[in-house]
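I have placed the structure first, in the form of structure tokens, so that the comments after it can refer back to it.
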Amino acid sequence: MTELAPLQTTTQPVKKRVAYLDNARYWVMLLVVIGHSLTDLVVMDSARGVYTWIYLFHMPFFVLISGYTARNYVGDQRQVRRMISTLVVPYLLVELSLQLITKHYDGSPEHLMPLSPQWLGWFMAALIIYRLTTPIWRTVRYPITISIVISLLAGLIEIPNVLALPKVLGFLPFYVIGMHFSRDRFMALGQWRVRIASAALLGGSFVVCQLYASDWTTEWLLWKMRYDEAPLEAGPMDGLAVRAFLIVVGLVLSLAFLSLVPRRESWTTRFGSRTFYCYLLHGYVIILLDRQFDLWQKLEPYGAVSVLGCIAAAIVLANLLMTKPVADLFRPVFEPKLTWLFKK
């Protein structure tokens, strides 16, 4: 991996967005929305295979990209203000509102738990923790090795779901690896030989997931349970082996996906710059359709047809939520300037 250059005590203003990374965000956001739309259909093998394939790498991919883009975090005033405005505030808004909605429909959680994210909020909580610990990973020796050891050991002990710590520690290696990536390494993934191998790898893994979906416990892919906890029920050595396998697979498939992402600016670049709003908003749509209309329960009898319909609908929904009008409407909500809160 690339050695990290020493940081200055203050940082420069945000530079122009990189088209390649926004393109990557667009395509993987489609997978996020598709995966969430299939969650209640995994009892069917046709949905379970697609779900398993997506969950093998879509969050490792996002965490890896987050590590790369946050590698220069030093905690200066500008960076702290931005983190509060774009992570802390949206986390509280989304997590508390979703808990209120599920409490209305399901009666749980009985009490609001702002520090115990139940669904979408976990990733924002993870980004907050990762961002704050970035200087640590720039300081210690062997940061990647240490992060892998932490991830492996996290599944052996009981860790409370405070700010989604079990998942935060589980995905930690991808963040640290992302920090140590360089632009040249990303560009090297675009070589035609690498792209051919990546296409074959992604296609082959998709077929394998379809063939053996029924043999796999999908809860492994959530990265939040102890190894001996039901339904995993694995011994220490088996648990360590499975998580190590998931780390390798998640990294390899993430890099394969990155190699196929277009480098040039296009309409996906513009949409990819607005994935933040799609991520925060699509959960409300899915919960409303599920709790209010029992949509997935009604779709289940239609088998593979319902799976294809969900995938198509998820793609449409994701694109709608990445449009400029949606971003303009929700930017003041999810990215408030909070000038009254901060010192000049």
Side-chain angles (χ1 to χ4, degrees), residues 28-29 31-45 47-64 66 91 94-95 98-99 102 106 108-109 113 115-127 129-130 147-148 150-175 205 209 212-236 238-251 253-254 279 282-283 286-287 290 296 314:
V28 80
M29 182 51 66
L31 297 182
V32 170
V33 181
I34 291 171
H36 286 162
S37 72
L38 296 178
T39 300
D40 289 335
L41 295 178
V42 293
V43 292
M44 299 185 295
D45 287 346
R48 193 182 184 90
V50 179
Y51 176 92
T52 299
W53 182 75
I54 290 174
Y55 271 71
L56 279 173
F57 71 92
H58 80 301
M59 289 318 301
F61 176 95
F62 255 131
V63 175
L64 186 144
S66 299
Y91 166 78
V94 171
E95 188 56 39
L98 287 178
Q99 288 189 23
T102 55
D106 306 335
S108 65
M113 301 183 293
L115 297 183
S116 182
Q118 305 299 302
W119 191 24
L120 294 176
W122 85 266
F123 186 55
M124 286 176 286
L127 292 180
I129 295 174
Y130 290 150
S147 67
I148 292 174
I150 291 174
S151 176
L152 294 175
L153 296 181
L156 292 172
I157 58 177
E158 179 67 30
I159 301 176
N161 189 41
V162 177
L163 294 179
L165 270 179
K167 299 185 76 165
V168 171
L169 298 179
F171 285 111
L172 180 61
F174 302 107
Y175 183 82
S205 62
C209 289
Y212 298 100
S214 59
D215 300 330
W216 182 260
T217 302
T218 57
E219 279 76 7
W220 282 104
L221 305 173
L222 301 180
W223 298 69
K224 66 180 183 180
M225 296 179 178
R226 295 192 321 273
Y227 302 145
D228 61 353
E229 188 176 356
L232 304 185
E233 298 178 341
D238 289 339
L240 292 171
V242 172
R243 177 155 293 187
F245 171 76
L246 290 176
I247 292 174
V248 173
V249 171
L251 178 60
L253 292 182
S254 295
Y279 181 80
H282 81 277
I286 290 177
I287 286 181
D290 181 34
W296 278 266

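Note: hydrogens, waters and symmetry copies are ignored here, and every other heavy atom, side chains too, is used.
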Quick one: does [X]'s side chain get under 4.5 Å of [Y]'s, heavy atoms only?
X: Leu253; Y: Ser205; value: yes
X: Leu169; Y: Leu153; value: no
X: Val50; Y: Tyr55; value: no
X: Trp119; Y: Val94; value: no
X: Leu115; Y: Asn161; value: no
X: Val168; Y: Tyr130; value: yes
X: Arg243; Y: Ser151; value: yes
X: Tyr227; Y: Asp238; value: no

Grab the two heavy atoms, one from [X] and one from [Y], that are nearest each other, plus how far apart they are.
X: Ala47; Y: Leu38; answer: O-CD1, 4.3 Å
X: Ile159; Y: Pro166; answer: O-CG, 3.5 Å
X: Met225; Y: Pro231; answer: SD-CD, 3.8 Å
X: Pro160; Y: Leu165; answer: O-CB, 3.9 Å

Would you compute the distance between atom [atom1] of [X] and atom [atom2] of [Y] and round it to the nearest 0.5 angstrom?
X: Leu163; Y: Ile129; atom1: CG; atom2: CD1; result: 4.5 Å
X: Glu219; Y: Leu222; atom1: CD; atom2: CG; result: 6.0 Å
X: Glu233; Y: Arg226; atom1: CD; atom2: CZ; result: 11.0 Å
X: Ile287; Y: His282; atom1: CD1; atom2: NE2; result: 9.5 Å
X: Leu246; Y: Leu251; atom1: CG; atom2: CG; result: 12.5 Å
X: Met59; Y: Ser254; atom1: CE; atom2: OG; result: 10.0 Å

Do any N or O atoms from the side chain of [X] and from the backbone of [Y] form a donor-acceptor pair under 3.5 angstrom?
X: Gln99; Y: Gln118; value: no
X: Ser116; Y: Met113; value: no
X: Thr217; Y: Leu232; value: no
X: Trp296; Y: Ser37; value: yes

Below 30° counts as parallel, above 60° as perpendicular, anything between as tilted: where do the rings of Phe174 and Trp223 land? perpendicular

For the residue pair His36 and His58, categorise the inter-ring angle as parallel (less than 30°), tilted (30 to 60°) or perpendicular (more than 60°). perpendicular

Derivation of the side-chain contact (heavy atoms from CB on, under 4.5 Å) call for Ser108 and Thr102: CA-CA 6 Å; Ser108 65; Thr102 55; 5.6 Å; no

By the definition ring pair (Phe, Tyr, Trp, His ring centres under 6.0 Å), identify the one residue from Phe62, Tyr91, Tyr279, Phe171 that meets it with Trp122. Phe171

Derivation and outcome, side-chain contact (heavy atoms from CB on, under 4.5 Å), residues Leu156 and Asp228: CA-CA 8 Å; Leu156 292 172; Asp228 61 353; over 6 Å; no

Applying side-chain contact (heavy atoms from CB on, under 4.5 Å) to Leu31 and Phe57, what does each step give before you reach the verdict? CA-CA 10 Å; Leu31 297 182; Phe57 71 92; 3.6 Å; yes

Can you check side-chain contact (heavy atoms from CB on, under 4.5 Å) on Leu221 and Ile54, steps first, answer last? CA-CA 10 Å; Leu221 305 173; Ile54 290 174; over 6 Å; no

Restricting to salt bridge (Lys or Arg N to Asp or Glu O under 4.0 Å), what partner residues turn up for Asp290, sequence neighbours left out? none

